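Notes to accompany the following structure.
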Amino acid sequence: MLSFLKKHEHWWQFLFAMTAKEIKARYKHAVLGFLWIFLNPLLQMLVIGLVFQFFVPVKVDNYFLFLFSGLLPWIFFSYSLTKCTPAIIFERGLIKKAKFPREAIILSIVLSNFFHFLVALGLFLLILILFGHLSLLRLLLLPVALVWIGLLTSGLSLLTAALNVKYRDINFLVQAVVPLWFYATPIVYTLDLLPDLLQKILYLNPVTAIIEMFRFSLIGLSSTSIDLFFISILVSLVVFLLGCWFFRKENKNFDDWV
Amino acid sequence: MIGFKTYSIIKKSMQKKRKMTPAIEIFNVSKTYVLHHEKPTFLEQIFHGSYREKYTALENISLKIFKGESVGIVGPNGAGKTTLLKIISGITTPTSGQVKVNGRVVSLIDLEAGFNPELIGEENIYLNGLIIGMRREEIRRQFKNIVKFAGIGQFINAPLYTYSQGMKLRLGFSVAIYAKPDILILDENMSFGDKDFRLRSLEMIKNFKLNKKTIVFATHNDLLLKELCQKIYLIKDGNLSKIDSK
């Protein structure tokens, strides 16, 4: 039992060290350093916000707030997925030379992006307070949405990263699918703009429900039905378990393939 | 006062009387690699089905290494030495067979694995230590020793890309040694940097032996083999045979 705990302790320490490395190394040479943690999402918000304000005629009050409440979780999800997919191959130097928990490579990328996501979310919450849009009761849903998107992103990233070791096509596939996925998720538009059937299909995309949940908890706007939510949770759960199972199965032989 | 020689004879006889505990046990281990001239794509996979060319690196190998033994592994290039070392250190898993390892294994296959050029020396010591299996408190306790043995001085607060090749090697070796492994894996193409550090490292490795730690050593260097190893095994065409015992 004690040795089991010790093993676990090392796993967490290792994961956090890798995450810290990921965050630190990113800002090491920038003159503005850690300021970029705030500047980056702020600039992104402004640029994307301006673009979509003019090009997408969606009728919601305060399109900026509507957009960001969906965009922030999407950026976390898509950045993590595209960075994680080829990560095992990028770290081949480490894989071939040392024994360590391989999943830490993937999870540290997800966690470091999660850290950035939280910072941006904090900024966004400040803005929401200024606009007086925040409701404490709805905000209780936020942690649920955060955990949900965290698990889905980790699971899917583990799956694509493990697959990409043997089939390098997966990386190209992910690169092609992510932009499409962006438009198949109600980020720049609202769900009720779509015909009924298409709405239901979009709910098979688990990110839809997550973003609706973020939106509801942040700005109180959502067009949802509960049973479709459950389908989404089920899909997320399957993806997560599949990712964990497949990574566990494959990671013993990564050394042979990279 | 008893001389060192008598002391070691007494120690050896004591060791024989004590029940020898195995440090590494390998039963019927085989390792086959799928030969890929190019990575298979999805389409090839579908059309060719499950047929793939295979290459056997190790064939049905069994080996028992006891605690405190120093074992040398020799053999021509490509015979499977590194594969065996990788299986012992857990970097890869055998296709069939079982491996039991007793204690902490640290392999000096590549001393710089896990170093990040952007991070400073101190951060890299922690990262590298965690990668080879140390816990944070352990690294903190050994930190001074690591820095001292590596002899990197004020560079400890400089990013790793400012280090010379020798400094990186010394730092890597230093972390590995102070991880206090029970089993030390040394690969053939290891270099220790300059002559002074080479001597100090060898001294460390010999100390290791005196402290009843297990060493597995793959090399072509006969001198080192004679100096360090009690048993020598030969790997050829994926098969293992014992060739010498002192």
Side-chain angles (χ1 to χ4, degrees), chain A residues 2-3 5-30 33 86 88-102 104-105 108 163-173 248-258, chain B residues 31-36 38-45 55 57 82-83 86-95 101 104-120 123-139 159-161 172 176 185 187:
Chain A
L2 204 71
S3 72
L5 276 178
K6 267 185 187 165
K7 218 169 152 187
H8 251 58
E9 186 194 1
H10 174 258
W11 191 86
W12 285 106
Q13 285 180 348
F14 182 59
L15 179 59
F16 281 121
M18 289 285 278
T19 309
K21 178 206 88 178
E22 200 67 37
I23 293 168
K24 275 184 195 160
R26 196 184 295 190
Y27 298 105
K28 265 282 147 97
H29 283 298
I88 298 292
I89 292 158
F90 282 158
E91 295 284 0
R92 52 151 63 97
L94 210 51
I95 301 261
K96 292 192 92 67
K97 301 294 159 56
K99 182 203 180 188
F100 61 93
R102 313 296 201 206
I105 293 176
S108 68
L163 274 171
N164 191 55
V165 172
K166 277 191 190 174
Y167 311 104
R168 307 286 158 96
D169 319 43
I170 295 297
N171 193 29
F172 298 115
L173 198 69
R248 268 182 74 111
K249 180 169 146 310
E250 289 292 308
N251 87 80
K252 296 173 207 140
N253 293 318
F254 282 167
D255 173 65
D256 308 350
W257 290 86
V258 294
Chain B
K31 179 77 184 174
T32 21
Y33 286 102
V34 176
L35 267 191
H36 23 230
E38 258 180 82
K39 299 282 165 210
T41 61
F42 260 142
L43 281 181
E44 276 171 23
Q45 185 82 97
Y55 172 76
T82 303
T83 304
K86 276 187 171 178
I87 283 175
I88 293 172
S89 46
I91 294 170
T92 190
T93 35
T95 315
V101 174
R104 174 182 288 171
V105 189
V106 168
S107 58
L108 301 184
I109 291 178
D110 182 353
L111 292 169
E112 290 171 55
F115 280 159
N116 185 299
E118 306 290 339
L119 299 180
I120 64 170
E123 290 165 334
N124 267 306
I125 288 177
Y126 276 95
L127 195 62
N128 194 250
L130 282 161
I131 284 174
I132 60 181
M134 293 170 89
R135 274 169 294 122
R136 247 174 196 293
E137 305 79 63
E138 269 182 280
I139 306 170
L160 212 77
Y161 67 82
I185 311 262
D187 201 11

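As the structure is a computational prediction, the values presented were derived from the model and not from experiment. Residue numbers start from 1 in every chain, and the chains themselves are labelled A, B, ... in the order their sequence lines are given, proteins ahead of strands.
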Can you say whether B/Ser89 sits under 4.5 Å from chain A via the side chain, the backbone, both, or neither, judging by heavy atoms? backbone
Enter the distance from A/Glu9:CD to B/Arg135:CZ here, rounded to the nearest 0.5 Å. 5.5 Å
Correct closest heavy-atom pair for B/Ile91 and A/Lys99 would be CG1-N, 3.9 Å
Contacting moiety of B/Tyr126, where chain A heavy atoms sit under 4.5 Å: neither
Flag the pair A/His10 / B/Leu130 as yes when at least one side-chain heavy-atom distance between them is below 4.5 Å, and no otherwise. yes
Reported CD-to-CZ distance for the pair B/Glu118 and A/Arg26, which is rounded to 0.5 angstrom: 13.0 Å
If every non-hydrogen atom of A/Phe14 is compared with every non-hydrogen atom of B/Ile131, which pair is closest and at what distance? CE1-CG1, 3.3 Å
Between CD of A/Gln13 and CD of B/Glu138, what distance do you get to the nearest 0.5 Å? 9.5 Å
Check ring-ring contact (aromatic ring centres under 6.0 Å, His included) between B/Phe115 and all other residues, then give those that pass, not counting sequence neighbours. none
By side-chain contact (heavy atoms from CB on, under 4.5 Å), A/Ser108 pairs with (sequence neighbours left out) A/Leu15, A/Met18, A/Thr19, A/Glu22
Rounded to the nearest 0.5 Å, what's the gap from OG1 on B/Thr95 to CG on A/Asp256? Could you check? 7.0 Å
With a 4.5 Å heavy-atom cut-off, do B/Lys86 and A/Lys96 have their side chains touching? yes
Atom OG1 in B/Thr93, atom CZ in A/Phe254: separation rounded to 0.5 Å? 11.0 Å
Between A/Ala25 and B/Leu119, which heavy-atom pair has the shortest distance, and what is it? N-CD2, 4.3 Å
